[in-house]
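What follows is a short report on a single structure.
To find a chain, count down the sequence lines: A is the first, B the second, and so on, and within it residues start at 1. Values below: every heavy atom of this structure, side chains too, minus hydrogens, waters and symmetry copies.
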Amino acid sequence: MSQEHLCVASVPLFAHLDIEEQRNINQLVTHQVFEKGKQIMTPDGDPQLVVIAHGSMKMYQLSASGREQLLRVVGPGGYEGENLLLDARNENLFGEALEKTEACLLAYEDFQQLLLTSPPLSLKLLKMNAGKMMQIERQTQFLTMEKVEERLVTYLLNICKATESTQVDIPMKMKELASFLGTTPETLSRKWKWLEHEELIQRKGNKINVLDKEALEGYL
DNA sequence: CCATTAATTGTCG
DNA sequence: CGACAATTAATGG
């Protein structure tokens, strides 16, 4: 009983539905715990909707050279795989647990059936996907930039804008940020040093203090 | 403590 | 800039 973590009720995607529907969905859903580092989604796995209940999952692609490109991190309440369910398979997309993570899995057929029988759910999915789309567009803007420092500066300024502060706390390991920005930890480390040397920022571990936002914008 | 992983630094192509 | 190696720092048992 206490084991009923009911991700269905706690997840935005399903939260607004009435009890009847939630119970229905909950019956179709499978709960599974993934240890840190375990693959949650692979290109050749069964198509399914993955909803994160606890923990987090990183989504990434592998480049031709085998380097991984971090796309995003899905936290509690987030979901992934809806495009697989809509027949858009990505042959190079992986999801991996960043920590011990509990997920709720919904099979392809079941989810499709749900969409057919529940217009509210379909609508909610569309709305939430619109939000996801914006993040993806933001990620795309990185990929179109040639220089690493442009991507890094864009990343920094985005967070500044979002938090309305010049104090930026990098929410991931440098290794992962490097992957997110499409570069290597070595290059990233050198870019930090350069920005610091130019006295545009100040850094202590994952804490960045933006000293000259205007000058940074000059690099875009 | 030791072992493992992350971050940094140097050098080269 | 990325790849690789070597070194140092940080983390976790």
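- Taken from OG1 in A:Thr166 to CG in A:Leu216, the straight-line distance is 11.0 Å, to the nearest 0.5 Å.
- For A:Glu68 and B:dA6, the CD to P distance is 11 Å, given to the nearest whole Å.
- Taking atom CE of A:Met174 as the reference point, atom C1' of B:dT5 lies 15 Å away to the nearest angstrom.
- At a cut-off of 3.5 angstrom, the base of C:dC4 holds at least one donor-acceptor pair with the side chain of A:Glu186.
- In this structure, the nucleotide among C:dG2, B:dA7, B:dT9 sitting nearest to the side chain of A:Lys193 is B:dT9.
- Taking the ring centre of A:Tyr79 as origin, the terminal cationic atom of A:Lys132 falls inside the region bounded by 6.0 Å and 45° from the ring axis.
- The phosphate of C:dC1 has neither OP1 nor OP2 within less than 4.0 Å of any side-chain N or O from A:Thr184.
- For the residue pair A:Glu21 and A:Ser118, a side-chain donor N or O sits within less than 3.5 Å of a side-chain acceptor on the partner.
- For the pair A:Lys38 and A:Phe34, the NZ or CZ position fails the cation-pi test of under 6.0 Å to the six-membered ring centre and within 45 degrees of the ring normal.
- OP1 or OP2 of C:dG2 has at least one side-chain nitrogen or oxygen of A:Thr187 nearer than 4.0 Å.
- Using a 4.0 Å heavy-atom criterion, one finds that A:Glu146 contacts no nucleic acid atom at all.
- Distances shorter than 4.0 Å separate some side-chain N or O of A:Lys191 from OP1 or OP2 on C:dC1.
- Between A:Leu188 atom CG and B:dT9 atom C1' the separation is 14 Å, expressed in whole Å.
- In this entry the distance linking CG of A:Leu152 with P of C:dC1 reads 10 Å, nearest Å.
- Here B:dT5 presents its C1' atom at 12 Å from CD of A:Glu176, a figure rounded to the nearest Å.
- Closest approach to the A:Arg67 side chain among B:dT9, C:dA3, B:dA6 is made by C:dA3 (side chain taken as heavy atoms from C-beta onward).
- Separating the NZ atom of A:Lys147 from the P atom of C:dG2 is a distance of 14 Å, rounded to the nearest angstrom.
- Distances were taken from every side-chain heavy atom of A:Glu149 (C-beta onward) to each of C:dG2, C:dC1, B:dA7; the shortest belongs to C:dC1.
- Rounded to whole angstrom, the span from the NZ atom of A:Lys175 across to the C1' atom of C:dT8 amounts to 17 Å.
- Among the heavy atoms of the strands lying under 4.0 Å from A:Gly182 are primed sugar atoms or P, OP1, OP2 only; no base atom is included.
- Atom CG in A:Leu195 sits roughly 16 Å away from atom C1' in B:dT8 (whole-Å rounding).
- For a distance-only test at 3.5 Å, the side chain of A:Arg190 qualifies as a donor-acceptor partner of the base of B:dG10.
- Ring-plane geometry between A:Phe180 and A:Tyr155 is classed as perpendicular, the angle between the planes exceeding 60 degrees on a 0 to 90 degree scale with a lower cut at 30.
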